[in-house]
There are 2 protein chains.
Amino acid sequence: MATVRRLSVVSEAELAQEPEVHALEEETAGLLQVGQLAKIVGKTVRAIHLYEDLGLLRPAERSKGRFRLYEKDAIERVRWISKLQAAGFSLPELREILKEHESTPTAKEAARRLARAYQAKLREVENKLRELRRIERELGASLAYLEACESACDEHVTSGSCPSCDRHRDRPAPPALVLGAFAQ
Amino acid sequence: MATVRRLSVVSEAELAQEPEVHALEEETAGLLQVGQLAKIVGKTVRAIHLYEDLGLLRPAERSKGRFRLYEKDAIERVRWISKLQAAGFSLPELREILKEHESTPTAKEAARRLARAYQAKLREVENKLRELRRIERELGASLAYLEACESACDEHVTSGSCPSCDRHRDRPAPPALVLGAFAQ
DNA sequence: ACCAACTCTCACCTGTACGTAAGAGTTAGT
DNA sequence: ACTAACTCTTACGTACAGGTGAGAGTTGGT
């Protein structure tokens with residue numbers, strides 16, 4: 001009978017299914033192997049390694065055989081990376097934030113600098129939000145127009161005539177996202 | 001006196017400054033050179049060339065010397081590319097849309113297919129909007145917390161104690177985006 | 001001792017969207 | 001004809017965020 005040695009860490013979206021044969025030694029010591037950390041935060045081992053190469057994350061220690069062992073705060077750190085990545089920071093940019101941070105002696109000054117970086121990015125995020133909302137509207141308008149084609153158009157009509165279509169009620173001009181596709 | 005031969009096309013954001021020495025021959029013919037097109041849509045010539053390589057854009061014709069000459073609808077096409085890029089489409093994905101489109105004989109069917117692609121992307125855009133709004137909130141909360149440090153913190157405090165800070169009124173837990181930076 | 005699962009360190013590969021430069025040719029005004 | 005500005009093709013380079021694989025070593029249960 002092969003008792004499988006399996007690092008069972010509950011991933012973010014996983015139904016309880018494994019019989020949980022053995023608790024892990026590193027888990028009991030409160031430390032995580034790279035694969036466990038990766039599973040918890042939903043990243044690959046490769047990604048975790050990359051973050052380390054870029055100076056974003058360090059294992060608390062290594063096992064005798066040089067296995068990386070992480071404290072729980074590494075989970076926070078990786079989630080921090082993921083969120084700010086989604087906010088538009090590149091990994092090198094995040095490294096800059098951490099470096100600036102580590103080289104700042106007082107907490108107050110560190111807070112000021114972090115605030116400055118976040119402030120600038122908040123403005124970018126707000127701009128991106130405006131852009132995406134505009135695109136959301138345009139996609140919606142295009143979908144409405146395209147669904148109207150279903151009843152307004154005939155099977156024998158070719159797409160060449162779409163840019164100058166007059167079959168829709170009130171003859172609206174096709175939205176830009178429709179025109180752009182049919183143009184040329 | 002050197003009368004400069006300058007393709008003066010008004011770029012998106014440009015104050016009226018050039019004396020507009022000469023109107024262009026191609027402009028009068030209603031056709032645009034690649035540099036003019038690029039300036040109008042705020043892209044580089046290289047980008048326009050790339051779009052052509054990827055099958056997203058074709059010049060209406062070429063001059064005797066093989067200069068690309070574009071109709072005005074190329075402007076629409078490039079703007080279509082830019083918007084859908086911002087929506088999250090890659091250039092190869094846009095090529096797929098156009099290919100599918102060109103290979104579809106009837107306008108009605110083409111409309112259906114375009115609608116399907118837009119529908120899927122609209123859902124992605126909505127997800128991204130949700131994510132960005134969440135990040136916007138988290139950045140805002142972090143900024144509020146960090147600004148409170150300004151009055152709550154002392155100069156001699158080092159950043160190592162930030163994760164367990166108790167100097168803020170009501171002793172709130174630091175937001176995740178603050179913790180992640182100070183962790184480790 | 002043995003084995004499965006896990007991890008290690010290179011190191012090269014992928015896709016996306018261009019940037020940049022070189023060397024040659026074109027266009028139109030003078 | 002000369003020239004400045006523009007364009008052509010080709011091709012290599014860049015930044016980002018990992019993916020993939022090789023070959024070797026580690027860990028812990030049986």
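Lettering of chains follows the sequences in order, A, B, ..., and the numbering in each one begins at 1. Computed from a predicted model, the values in this text were never measured in an experiment.
- Within the 4.0 Å cut-off from OP1 or OP2 of D:dC6, not a single side-chain nitrogen or oxygen of B:Q33 is found.
- Between B:Y145 and B:H168, the ring planes are parallel. Angles under 30° get that label, and only those over 60° would be called perpendicular.
- Between atom CD1 of residue A:I135 and atom CG of residue B:L122 there is a gap of 11.0 Å, rounded to the nearest 0.5 Å.
- Across the protein-nucleic acid pair, B:L31 atom CG and C:dT27 atom P stand 14 Å apart, rounded to whole Å.
- Look at CG on B:L50: it is 9 Å from C1' on C:dT16, rounded to the nearest Å.
- Each of A:G65 and A:Q85 was matched to the nucleotide of DNA chain D holding its nearest heavy atom; the match closer to the 5' end belongs to A:Q85.
- For A:R66, taking side-chain heavy atoms from C-beta onward, the closest of the listed nucleotides C:dT9, C:dA17, D:dC8 is C:dT9.
- Put simply, the side chain of B:Y70 never gets that close to the backbone of B:Q36: no donor and acceptor are under 3.5 Å apart.
- Note that the two end axes of the helix from C:dA1-D:dT30 to C:dT30-D:dA1 enclose an angle of 0°, each drawn from 5 base pairs, rounded to 10 degrees.
- Here B:Y51 reaches the OP1 or OP2 of C:dC18: one of its side-chain N or O atoms lies under 4.0 Å away.
- Between the OH atom of A:Y70 and the P atom of C:dT7 there is a distance of 10 Å, rounded to whole Å.
- Rounded to whole angstrom, the span from the CZ atom of A:R68 across to the P atom of D:dT27 amounts to 14 Å.
- Taking the nucleotide of DNA chain C with the nearest heavy atom to each of A:V45 and B:L54, the more 5' of the two is matched to A:V45.
- The structure places CG of A:L143 at 5.0 Å from CD of B:Q119, a figure rounded to the nearest 0.5 Å.
- Nucleotide D:dC8 holds its P atom 11 Å from the CD1 atom of B:I48, rounded to whole Å.
- Contact check, B:S90 against C:dG15: no side-chain N or O comes under 4.0 Å of OP1 or OP2.
- When the P atom of C:dC6 is taken as reference, atom NZ of A:K39 falls 8 Å away, rounded to whole Å.
- B:R46 comes within contact range of at least one nucleobase, with a heavy-atom separation under 4.0 Å.
- Between C:dT9 and A:H49, no contact under 4.0 Å exists linking OP1 or OP2 to a side-chain N or O.
- One N or O on the side chain of B:K108 and one on the backbone of A:E150 form a donor-acceptor pair closer than 3.5 Å.
- Atom CD in A:Q36 sits about 15 Å away from atom C1' in D:dT26, given to the nearest Å.
- A salt bridge (Lys or Arg N to Asp or Glu O under 4.0 Å) with B:E138 holds for exactly one of A:R79, A:K121, A:K83; it is A:K83.
- For B:A47, counting side-chain heavy atoms from C-beta on, the closest listed nucleotide (C:dC18, C:dT26, D:dA17) is C:dC18.
- Side-chain contact between A:L32 and A:I75 is present, with heavy atoms from C-beta onward closer than 4.5 Å.
- Checking the phosphate oxygens (OP1, OP2) of D:dG19, a side-chain nitrogen or oxygen of A:T44 falls inside 4.0 Å.
- As a whole-Å value, the separation of A:L32 CG from C:dC6 C1' is 15 Å.
- Out of D:dA17, D:dT27, D:dG19, the shortest distance to the side chain of A:K64 is found at D:dT27.
- The OG atom of A:S142 sits 11.0 Å away from atom CH2 of B:W80, with the distance rounded to the nearest 0.5 Å.
- In the set C:dT26, D:dC16, C:dT16, the nucleotide with an atom closest to the side chain of A:P92 is D:dC16.
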